[in-house]
Each structure stands twice: as structure tokens, then as C-alpha cells.
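Throughout, a chain's letter reflects where its sequence line sits, starting with A, and its residues are numbered from 1. Nothing here was measured: the structure is a model prediction, and the numbers come from that model.
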Number of protein chains: 2
Amino acid sequence: MDVSVDCVVFGFDNDTLKVLLIEQKQPDTVHLKTQKAVPGDLVLDNESLDEAAKRILQELTSLKGIYLKQFHAFGDPNRVRGLKDQQWLRTFRVNPERRVLTIGYYSLVKLSEFKPKAASFAGKTYWVDVYNIPSLAFDHNEIVHKALLMLRHELMADHIGFELLPEKFTLSQLQKLYEIILDKKLDKRNFRKNILRTETVTALEEKQQGVLHKPAQLFTKK
Amino acid sequence: MDVSVDCVVFGFDNDTLKVLLIEQKQPDTVHLKTQKAVPGDLVLDNESLDEAAKRILQELTSLKGIYLKQFHAFGDPNRVRGLKDQQWLRTFRVNPERRVLTIGYYSLVKLSEFKPKAASFAGKTYWVDVYNIPSLAFDHNEIVHKALLMLRHELMADHIGFELLPEKFTLSQLQKLYEIILDKKLDKRNFRKNILRTETVTALEEKQQGVLHKPAQLFTKK
DNA sequence: GATACTTCGTGTGATAAATACACTTTCAAA
DNA sequence: TTTGAAAGTGTATTTATCACACGAAGTATC
């Protein structure tokens with residue numbers, strides 16, 4: 001069996017929660033109708049799963065120290081059913097008939113700092129609203145959906161939200177992030193009480209600049 | 001790469017939380033020093049991961065409808081380091097050098113109903129106190145440890161404890177189970193308030209029998 | 001049938017967390 | 001100086017959490 005890692009990369013642009021998709025690579029010769037997919041690759045011979053996930057991320061961007069979490073193994077023998085998927089496998093895989101198990105990871109990147117690598121192995125990349133994902137290759141829609149559920153869970157339990165924000169952020173930005181991930185409105189005062197109680201962030205001696213209203217206190221992760 | 005499923009089977013005997021271990025099978029010819037391990041097997045060609053886990057359980061017992069949950073993929077390329085492990089692989093695996101990824105599941109069985117199958121593929125089975133596990137084959141100590149952490153988590157979140165108890169149980173039994181899994185004492189009155197509030201169990205019109213004290217109300221899962 | 005033994009089953013007050021809710025402050029721009 | 005826009009803050013209510021002790025109901029024994 002082949003084993004791959006697929007990485008659901010989340011980013012946040014102050015307005016929507018996005019997922020990074022790549023255009024599947026095309027052969028130079030034939031024209032193949034491409035699909036979008038979550039970045040992923042086969043695990044190499046001497047590589048742990050975590051290392052594979054890290055490598056895949058670094059093939060897309062040069063960021064280091066990105067938040068990465070394994071969340072589920074997808075092993076249905078029929079997870080590759082689509083015609084296009086099989087065509088693609090026949091074109092790009094040494095053993096196209098071989099069953100592929102994939103380990104799902106999700107990662108949180110600061111969109112502000114994200115620069116896709118020029119010569120990215122994967123060709124074009126897209127940031128797509130997580131609540132409006134097109135039909136993807138393989139079982140990637142299911143993978144993204146499950147990643148979102150797990151992210152919600154972990155956001156509540158471990159307050160990792162700031163991983164999606166710039167180093168310095170305001171509590172309003174953080175609140176908006178929570179609201180969008182959890183898909184519900186939160187009360188401002190209660191939200192602040194909660195976040196400050198968890199002590200996952202600390203106030204800086206610094207304020208927002210260049211806004212046309214009262215500038216907010218900046219925070220950073222503790 | 002080969003893919004296996006390893007199943008951490010939990011059972012509860014009213015006193016201790018136990019894990020099911022098997023004696024690794026031996027070749028008929030040579031004498032190999034055996035080790036204990038968590039039941040597991042390679043995933044078959046046309047089998048999903050969940051199906052593989054189910055099959056492994058059913059090779060040990062004839063119980064159906066057992067609670068099963070995937071909890072983590074263990075993919076370190078060096079997860080099989082021990083000499084004995086490599087010896088064992090050379091004896092029993094078609095491709096002993098091949099790297100093995102394993103998907104960890106845990107399952108909850110009613111010890112009262114558990115009868116190991118006569119001709120179990122795995123030879124002898126043992127129920128071992130989860131807090132006193134001997135040194136196991138491969139990375140199985142790590143797998144068991146992580147399974148316990150995940151079980152604790154899920155016990156708190158989803159109140160699945162009764163899966164380890166007979167159909168009919170008293171709240172005291174349930175409380176003891178919680179205390180042992182979470183490894184801390186709980187207050188009786190508060191515990192009962194909590195459990196009843198979650199509405200995961202319902203009272204039967206029936207009482208405990210054959211005890212030499214006031215018989216307790218029996219409950220069952222809702 | 002009285003007594004001893006064992007576990008069952010229950011309530012209250014104190015403290016902490018969750019929720020609902022609205023107005024003043026501070027800055028930039030016009 | 002006025003306006004617009006988001007920042008920042010407090011209180012009362014409800015709900016959970018926690019600590020804590022005793023009478024009730026059954027069995028066994030004498």
C-alpha cells in the first residue's frame with residue numbers, strides 16, 4: 001500500500017477562513033482536465049509522517065515553524081473513485097493501481113506572511129473560503145470537512161487561534177477569527193474575559209496604527 | 001509500505017482497567033523468545049481501516065457491535081527497533097524489511113461478556129492492568145499510553161463509560177470506572193448529578209440482586 | 001426481632017464560570 | 001468641532017462546580 005500525507009492548510013484574511021488548494025499538476029503532453037486538491041504527497045522511505053507533512057508545506061512556501069497537527073487516517077479502499085482521479089494516478093504514479101492510504105494533517109499559517117514559492121512543485125495555488133469549497137480531487141472534500149471539525153474542537157480546547165493571525169493582533173481580530181471558525185457570533189465582553197483568563201495571549205505596550213478610529217491594544221501569544 | 005491496525009482493547013473488571021495483550025505467535029520450528037503485544041494485523045487488500053480493526057477484534061472473540069475508535073497513526077520509520085521485533089518480522093512477514101505504518105484503534109468491551117475464541121489466531125491472551133503494563137513488542141507501550149490519554153478525553157467529552165460495563169449497571173459501578181480511568185477520586189453526589197444531567201443513561205425499574213446490603217438501582221445506556 | 005454491617009441515595013451552601021446586555025472613550029477625517 | 005467607527009469596560013442573572021454528612025434499605029447473625 002502507498003501512504004501519503006494530505007495537508008489542509010488554513011489561513012485567515014480578517015474576513016474569511018481559507019483553505020489552500022493546488023491545481024493538480026498536468027502532464028506536458030496530453031491535456032488532462034485538472035482538479036483542485038489539498039496539497040499532499042507520498043511519504044518517503046525514511047521519513048516520519050510529521051516530517052512528510054512538514055516537507056509538503058515547505059514545498060509550497062518557505063515558512064518555518066508552522067503549526068501542524070495530525071488529525072485522521074483515511075483508509076477506505078475505494079477512496080479514489082473518480083475517473084479523473086484514476087486518470088491522474090495513471091499519469092503520475094509509478095503504481096497507479098496501488099491503494100493509497102492518506103494521513104490527514106491540518107496546519108495553521110499566518111496568511112500575512114505566506115508567500116507561495118516561485119517554483120512550487122504544484123503549480124497554481126488558491127486560497128478558497130472554507131465554507132465554499134469546490135468539488136475536489138479524491139476524497140479531499142471529506143478530508144477538509146473533517147479537518148474543520150477537528151480545528152473547531154482544538155480551538156475551543158487549546159486556544160490556538162493566534163496561529164492564524166500576525167504576530168501582533170487585536171482582540172477584535174481574534175474574536176472575529178473565533179466567530180468565523182466556530183460559525184457563530186460571540187459577545188465581545190465575554191470573549192475578552194475568557195481569552196484573558198486562559199492567559200494564552202499577553203498585551204503589548206503598543207497600539208494599532210493607521211486605522212481611522214480608536215486604535216486597539218495589540219496582543220501577542222504568550 | 002505495509003499498513004497495519006493495532007487495537008488497544010480496554011476492559012473493566014469492577015476493580016481495574018485492563019488492556020488485552022496477546023502472546024506473539026511462535027514458529028513451530030525455532031524457539032523464539034516471545035513478547036506480548038497489542039492485537040493487530042496487516043490491513044488486507046480490500047478492507048477499510050475500520051473493517052480491519054473489526055476483523056482483528058473478531059479473531060479474538062465473537063463479540064459483535066463493539067465500540068471502536070481510531071485515535072492515531074504511528075508512522076515513525078524507526079518504530080520497530082528492537083532485536084526481537086526484527087527477528088519476529090523475519091519469521092512471520094513476507095517482507096520483513098518493509099516499513100510498517102500502524103493505525104491505532106481503541107475499543108471498549110464488556111469484560112463480563114468477553115470470551116476469547118478457542119482457536120484464536122494469536123495464542124494466549126492476557127488482561128493486564130493498564131497501570132502496570134509490561135514491556136511490549138514494537139512501539140506498543142507508546143500506543144497503549146496514547147490510547148489511554150485519548151480514552152480519558154473521550155470519556156469526559158462523550159460519556160462512553162458504560163461501554164465497558166454490563167448492560168445493566170449501578171451508578172456506583174460507573175463512578176468507580178470513571179475514577180479508575182481518570183485516576184482520581186470523585187464525589188458521589190456530584191458525580192450522580194453530572195451523569196444524570198447528561199442523560200446518557202436511564203434508570204431501569206429494577207434493582208441489584210444478591211448483594212448483602214441495600215440493593216442499588218440499575219441503569220442502562222439511553 | 002434486635003443488632004450489626006454495608007452500601008445506597010440524597011440536599012445545601014459557597015464559589016466560580018457562563019451568559020446577557022449598553023454606554024462612554026479615543027482616535028482620524030472632514 | 002463635529003462625525004464616524006471601533007475600542008474598551010461592569011453588573012446582574014443564571015448555571016456549573018465543588019465541598020461536605022447522614023438516614024434509609026437491605027442481609028446476616030445472634
Return the value, rounded to whole Å, for the distance between atom [atom1] of [X] and atom [atom2] of [N].
X      : N      : atom1 : atom2 : value
B:L186 : D:dC18 : CG    : P     : 10 Å
B:K185 : D:dT17 : NZ    : P     : 19 Å
A:Q209 : D:dA6  : CD    : P     : 19 Å
B:D187 : D:dA16 : CG    : C1'   : 14 Å
B:L218 : C:dG9  : CG    : C1'   : 14 Å
B:K184 : D:dA19 : NZ    : P     : 10 Å
A:Q208 : D:dG8  : CD    : C1'   : 13 Å
A:L196 : D:dG10 : CG    : P     : 13 Å

More than 12 heavy atoms of other residues, nucleotides or ligands under 6.0 Å from NZ of A:K54: is that the case? no
Partners passing side-chain contact (heavy atoms from CB on, under 4.5 Å) against A:K193 (at least two apart in sequence or in another chain):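 Counting only residues at least two positions away or on another chain, A:K193 forms a side-chain contact (heavy atoms from CB on, under 4.5 Å) with A:N190.
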Can you list everything that forms a side-chain contact (heavy atoms from CB on, under 4.5 Å) with B:K185? Sequence neighbours excluded, please.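 By the side-chain contact (heavy atoms from CB on, under 4.5 Å) rule, B:K185 matches B:E179.
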Going 5' to 3' through nucleotides 22-30 of chain C, assign each nucleotide B (protein heavy atom under 4.0 Å from a base atom), S (under 4.0 Å only from sugar-phosphate atoms) or - (no protein heavy atom that close). B--BBBS--
Reckon B:Q217 touches a base, only the sugar-phosphate, or nothing at all at heavy-atom distances under 4.0 Å? sugar-phosphate
Apply salt bridge (charged side-chain N to carboxylate O under 4.0 Å, His left out) to [X] and list each qualifying residue two or more places apart in sequence or on a separate chain.
X      : value
B:E142 : none
A:K222 : none
A:R55  : A:D41, A:E47, A:E59
A:D85  : none

Let me have the donor-acceptor pairs involving side chains of residues 203-217 of chain A, under 3.5 Å, with sequence neighbours excluded, atom names and distances please.
from	atom 1	to	atom 2	distance (Å)
A:E206	OE1	A:K168	NZ	3.1
A:E206	OE2	A:K168	NZ	3.1
A:Q208	OE1	A:A216	N	3.0

Sequence neighbours left out, what passes ring pair (Phe, Tyr, Trp, His ring centres under 6.0 Å) with B:Y131? Give chain and number order. none
Scan nucleotides 17-19 of chain C against the protein and return all N/O pairs shorter than 3.5 Å with their distances rounded to 0.1 Å.
from	atom 1	to	atom 2	distance (Å)
C:dA18	OP2	A:N194	OD1	3.2
C:dA18	OP2	A:R197	NH2	2.6
C:dT19	O4	A:K193	NZ	3.1

Which residues in residues 164-183 of chain A have at least one heavy atom lying under 4.0 Å from any atom of DNA chain C? none
According to the side chain to side chain donor-acceptor pair (under 3.5 Å) rule, which pairs have a member within residues 101-114 of chain A, sequence neighbours left out?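 Passing the test, one end in residues 101-114 of chain A: A:S4-A:T102, A:D6-A:T102, A:D50-A:Y105, A:Y106-A:E154.
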Quick one: is A:R192 getting a side-chain N or O under 4.0 Å of the D:dG8 phosphate, OP1 or OP2?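 Result: yes.
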What distance separates A:F191 CZ from A:L196 CG, expressed to the nearest 0.5 Å?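 Those atoms lie 9.0 Å apart.
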